Protein chains: 2
Amino acid sequence: MNKRLGKKQWIDFGLKTLATQGINAVRVEPMAAELQVTKGSFYWHFKNRNALLEEILSAWKGYATNDIITNVEEQGGDATQRIRCLFTTVLEGDNRLDKEIRIWADSDNNVQTALRQIDQRRVTYLEDLFKELGFTAIQATARARLVYHALIGQFTMDVPAIDPFKPSRQFEIIFNMLIQKPN
Amino acid sequence: MNKRLGKKQWIDFGLKTLATQGINAVRVEPMAAELQVTKGSFYWHFKNRNALLEEILSAWKGYATNDIITNVEEQGGDATQRIRCLFTTVLEGDNRLDKEIRIWADSDNNVQTALRQIDQRRVTYLEDLFKELGFTAIQATARARLVYHALIGQFTMDVPAIDPFKPSRQFEIIFNMLIQKPN
DNA sequence: GCAAGTCAATACGCTACCGTATGGTAGTCC
DNA sequence: GGACTACCATACGGTAGCGTATTGACTTGC
């Protein structure tokens, strides 16, 4: 048993706490208690609470940049398949961290900025997929935004991702709607 | 000049503070300072902070129940017009309060419950509109959810509601997409 | 014009947390 | 085995905010 902690453990635990209990629960004394150490440990690794928050944010940036998109691209397939893949990946994933980051962003400008960049990147990716399907720029943009906003909305209200009764049916309807060319 | 405060002023100011600075800023001493009184006033009107929070929540429930839907219904018109009206009303409105309520709900179960009810009501309303347009139940459900989630997503990321350059164009695209019958 | 009722100021104790200072201990290096 | 490093405990002082108790002051009813 390695009772001694490293900086990484603190950051990981910070991320976990953020994801499960929100940014307000990321406080040094309570966390120290849960980790069975005192804050003496914390202040050895970090200048102050804010330093931890910054580390947490940049850890998330790492995850989010090297993210679903990469994953989807690795799976390959044509645009239709990739869109489908992206959907299911997001819908089935655990989005609590993303959600809490979004909430955190409401009260912290650095987080806000980081989040916007990630959002931008994702929307652009979606746009490209739709263009690949033959949609015009503006058609692609409209669709990409609609989808992305819906995805965000989906998990900020934590809708049970898959309706237990009519599961994939709705998914297919929406999917077809998005893919259908206008007129 | 009426320097004396009533319960209502406190609640209103609470709502305002919530909308502009989030639930974390709804604290009695800071609010008292801004209102140019001491907390002696607050504790005369309320048992404790939580009592204020409850009042705030139920005030919001009032707004939210007697809400956009009522508004849209008053405007009248057929389903298409009403959907269009609902869209623009929401997109042009000030959704900060709704957003902060949603954030608040993340850390308070009562709020969560209230919010779910409102969400439910709104989605159902949308569903009915789509049914009125001749969609089957499941088609209507899928569309209603997609739209609602997108709307939520739209303002939880605070996307500039109307893109300054291509304003209504995207709106029309999405609108047509939603209204078009499958196949 | 005086009693009741309404609102507010002040002063206090309490908790939760931040951050610092200082000293202690267990491994590592030579 | 002494020095050095990495980590942790303890004790302390400080702040923000909650809630309570007491007193004061203005307002209205009679």
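Order of the sequence lines sets the chain letters (A, B, ...), proteins ahead of strands, with each chain counted from 1. Keep in mind it's a predicted model, so treat the numbers as computed, not measured.
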Of the listed nucleotides dA9(D), dG19(C), dA8(C), the one nearest the side chain of T38(A): dA9(D)
Please determine, for the side chain of Y43(B), which listed nucleotide (dA9(D), dA9(C), dT20(D)) has the closest atom? dT20(D)
In whole Å, what is the span from the NZ atom of K47(B) to the P atom of dC18(D)? 14 Å
Integer-rounded Å distance: dT20(D) P and W44(B) CH2: 16 Å
In this structure, are over 12 heavy atoms from other groups packed under 6.0 Å from K47(A) atom NZ? no
dA8(C) phosphate, OP1 or OP2, under 4.0 Å from H45(B) side-chain N/O: yes
Quick one: K7(B) NZ to dG5(C) P, roughly how many Å, whole number? 18 Å
Rounded to whole Å, the CZ-P distance (R27(A) to dT15(C)) equals 18 Å
To the nearest Å, give me how far apart NZ (K39(A)) and C1' (dG14(D)) are. 11 Å
Nearest-nucleotide pick for E29(B), side chain only, options being dG17(D), dC12(C), dT20(C): dG17(D)
Value for OG1 (T156(A)) from CG (D106(B)), rounded to nearest 0.5 Å, stands at 10.0 Å
Tell me which nucleotide among dA9(D), dA9(C), dG17(D) gets nearest to the side chain of P30(B). dG17(D)
Regarding T124(A) and Q120(A), do their side chains bring together a donor and an acceptor under 3.5 Å, going by distance alone? yes
If you count heavy atoms of other groups shown closer than 6.0 angstrom to NZ of K131(A), is the number above 12? yes
Could you tell me how far apart R49(B) (CZ) and dT15(C) (C1') are, to the nearest whole angstrom? 15 Å
Whole-Å distance, F46(A) CZ to dC7(D) P, equals 11 Å
Please determine, by modelled atom types, if Q117(A) and R121(A) share a side-chain donor-acceptor pair under 3.5 angstrom. no
Of V28(A) and G40(A), the one whose nearest nucleotide on DNA chain C sits closer to the 5' end is V28(A)
Under 3.5 Å donor-acceptor pair, R4(B) side-chain atoms to dT6(C) base atoms: yes
How close or far is atom P of dT6(C) from atom CZ of F42(B), stated in whole angstroms? 18 Å
